[in-house]
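A quick write-up on the structure given underneath.
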Amino acid sequence: QFAGIWQVTAIVSNCSVFLKMKDGMKSSMAIISFMPEGDLALKLVWPLGPSRAQTLPRFPAGHLWGPSGAQEKRDLRGMDTDYSHYTVLHEAQQSETEPSTALQLLTREQDVSPQLLQKFMELIPTVGLTEDMLAILPKSGEWPEGTGWQ
C-alpha cells in the first residue's frame with residue numbers, strides 16, 4: 001500500500017542549492033517501490049516545463065546519484081506516515097563538500113490539508129531546520145504525456 005506514486009508537496013532543507021531554487025520550484029512526483037532486499041527505492045520526476053521533465057534514477061536508501069552523476073551517501077528514512085494518504089521522509093546527505101538535511105512531505109493528492117501541513121511544520125525543528133528553509137510547492141500542471149501524472 002505504501003509503494004506507488006506520491007506527490008512532493010512540501011520540502012524543507014538546508015542544502016544551499018535547494019535554498020537558491022526553492023521559491024521557483026513546483027510540485028514533483030515521487031515513485032516509491034521496494035528492492036528485493038527490502039530497501040526503499042525512490043524515483044523523482046521534476047517538471048521543467050511543458051513536455052519536459054527531469055527524472056532521477058531509482059536508488060535504494062543510502063545511495064543517490066546527484067545531478068553530476070556522482071554517487072553521494074544519503075540516508076533516507078520515513079518519519080511519519082499513514083501509509084495511504086501522506087508520508088514524511090527525512091533525508092541526510094553526507095557529502096564531502098556540503099552535508100545537508102531535508103524533510104519532504106509526500107501526499108497522494110496534490111492538495112494538502114492545513115492540518116497535515118501543520119503536522120509537517122511541527123517536525124521541522126526536530127531535525128535542526130527552520131521554517132525559512134521551507135518551500136510549499138505549488139501544483140505544476142506540466143507533466144509530460146506518458147508519465148501517468150496529468
Side-chain angles (χ1 to χ4, degrees), residues 1-15 17-95 100-124 126-127 129 133-150:
Q1 193 176 18
F2 186 70
I5 296 174
W6 293 85
Q7 181 73 29
V8 182
T9 54
I11 303 173
V12 60
S13 177
N14 61 0
C15 171
V17 174
F18 168 80
L19 292 171
K20 289 176 192 171
M21 297 174 35
K22 74 180 184 80
D23 293 331
M25 293 177 73
K26 293 188 178 182
S27 180
S28 68
M29 180 174 54
I31 303 169
I32 295 177
S33 60
F34 291 94
M35 306 293 281
E37 315 80 49
D39 285 341
L40 182 71
L42 180 67
K43 179 179 178 181
L44 295 173
V45 180
W46 295 93
L48 298 176
S51 301
R52 298 183 320 145
Q54 176 184 14
T55 303
L56 300 180
R58 288 180 180 258
F59 51 86
H63 295 90
L64 288 179
W65 283 264
S68 66
Q71 188 173 6
E72 302 168 339
K73 179 70 174 164
R74 295 188 189 193
D75 184 29
L76 185 65
R77 300 181 187 272
M79 280 194 70
D80 189 15
T81 188
D82 70 355
Y83 295 96
S84 57
H85 299 97
Y86 80 93
T87 190
V88 177
L89 297 179
H90 175 254
E91 176 186 320
Q93 176 184 345
Q94 303 303 318
S95 170
S100 64
T101 300
L103 284 181
Q104 297 180 23
L105 174 60
L106 308 180
T107 57
R108 293 290 189 182
E109 302 294 326
Q110 284 191 330
D111 294 318
V112 60
S113 72
Q115 297 85 0
L116 183 55
L117 190 55
Q118 180 62 36
K119 188 174 191 177
F120 177 73
M121 292 178 76
E122 289 170 3
L123 292 172
I124 292 172
T126 69
V127 295
L129 300 174
M133 300 171 177
L134 173 67
I136 300 170
L137 305 178
K139 295 178 187 180
S140 70
E142 297 176 350
W143 294 107
E145 294 292 323
T147 62
W149 197 264
Q150 305 302 327

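The two residues Leu89 and Gly78 have their closest heavy-atom pair at CD2-CA, 4.0 Å. Of all non-hydrogen atoms in Pro138 and Met25, the two that sit nearest each other are CD-O, 3.4 Å. Scanning both residues, Ser13 and Leu19, for their nearest heavy atoms gives O-CD2, 3.3 Å. Scanning both residues, Arg108 and Trp6, for their nearest heavy atoms gives NH2-CZ2, 3.3 Å.
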Verdict with supporting geometry, His90 and Thr101, side-chain contact (heavy atoms from CB on, under 4.5 Å): CA-CA 7 Å; His90 175 254; Thr101 300; 3.4 Å; yes
Test log, rule side-chain contact (heavy atoms from CB on, under 4.5 Å), inputs Ser100 and Gln93: CA-CA 5 Å; Ser100 64; Gln93 176 184 345; 3.4 Å; yes
side-chain contact (heavy atoms from CB on, under 4.5 Å) assessment of Met29 paired with Val8: CA-CA 6 Å; Met29 180 174 54; Val8 182; over 6 Å; no
Intermediate values then yes/no, side-chain contact (heavy atoms from CB on, under 4.5 Å), Tyr86 and Asp80: CA-CA 8 Å; Tyr86 80 93; Asp80 189 15; 3.2 Å; yes
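With hydrogens and angles ignored, the 3.5 Å screen pairs no side-chain donor or acceptor of Thr9 with any backbone N or O of Val112.
Taking CG from Leu103 and OG1 from Thr126, the interatomic distance works out to 6.5 Å, rounded to the nearest 0.5 Å. Distance check: Glu91 CD to Arg77 CZ gives 12.0 Å after rounding to the nearest 0.5 Å. Rounding to the nearest 0.5 Å gives a distance of 10.5 Å between OG1 of Thr107 and CG of Asp82. Here Phe120 contributes atom CZ and Leu134 contributes atom CG; the two are 6.0 Å apart, rounded to the nearest 0.5 Å. Distance CD1/Ile32 to OG1/Thr87: 6.0 Å, rounded to 0.5 Å. Put simply, CD on Gln104 and CD1 on Ile11 are 5.0 Å apart, with the number rounded to the nearest 0.5 Å.
Scanning for side-chain hydrogen bond (donor to acceptor under 3.5 Å, both in side chains) contacts around Asp23 gives an empty result, with sequence neighbours left out.
No side-chain heavy atom of Lys26 sits under 4.5 Å from any side-chain heavy atom of Leu137.
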